[in-house]
Amino acid sequence: MAWLDRLTPTEAEGYIAEGQFAPGSMLPKVQAAVAFACSKAGRTALITLLEKARDGIAGRTGTSISL
């Protein structure tokens, strides 16, 4: 399993199509992040734990999805 720290929506959709994200767990989070990132130019979605948000924003944890 590889760590996914940055993805484009196209890459994320490829992983979704491959069934790489568990339904009811990561899948809905990734789908929502893709939808947000695609909703307007310049948007970035971050998937991380709330208590790690500061580190996620700094790029030290989590997965970001952007165009």
Side-chain angles (χ1 to χ4, degrees):
M1 175 182 268
W3 180 260
L4 303 174
D5 58 346
R6 298 180 203 280
L7 291 173
T8 65
T10 302
E11 291 169 330
E13 288 168 348
Y15 287 121
I16 290 169
E18 293 174 1
Q20 296 293 324
F21 303 113
S25 179
M26 284 306 295
L27 180 60
K29 294 173 185 131
V30 174
Q31 290 171 321
V34 167
F36 179 79
C38 291
S39 68
K40 188 174 179 182
R43 287 192 169 172
T44 299
L46 175 64
I47 302 171
T48 192
L49 297 170
L50 183 57
E51 52 270 12
K52 293 187 177 188
R54 186 180 306 266
D55 286 336
I57 292 167
R60 292 188 291 266
T61 192
T63 300
S64 65
I65 299 178
S66 61
L67 294 175

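Any value given below was found using the heavy atoms of this structure, including those in side chains, with hydrogens, waters and symmetry copies removed. Heads up: numbering here begins at 1 and tracks the sequence.
Distance check, rounded to the nearest 0.5 Å: NZ of K29 to CD1 of I47 gives 8.0 Å. Between atom CD of residue E13 and atom CG of residue L7 there is a gap of 11.0 Å, rounded to the nearest 0.5 Å. Note: Q31 CD to F21 CZ = 10.0 Å, rounded to the nearest 0.5 Å. Considering OG of S66 and CG of L46, their distance stands at 10.5 Å, rounded to 0.5 Å. I65 CD1 to T8 OG1: the interatomic distance, rounded to the nearest 0.5 Å, is 8.5 Å.
Closest non-hydrogen pair, S64 versus T44, comes out as CB-CG2, 3.9 Å.
Checked by atom type and distance alone, the side chain of T63 pairs as donor or acceptor with a backbone atom of L4 at under 3.5 Å.
Residues passing the salt bridge (charged side-chain N to carboxylate O under 4.0 Å, His left out) test with D55 are R60, sequence neighbours excluded.
Summarising the local packing, OH of Y15 is surrounded by 12 or fewer heavy atoms from other residues, nucleotides or ligands at distances under 6.0 Å. Counting heavy-atom neighbours within 6.0 Å of R6 CZ, excluding the residue itself, gives a total of 12 or less.
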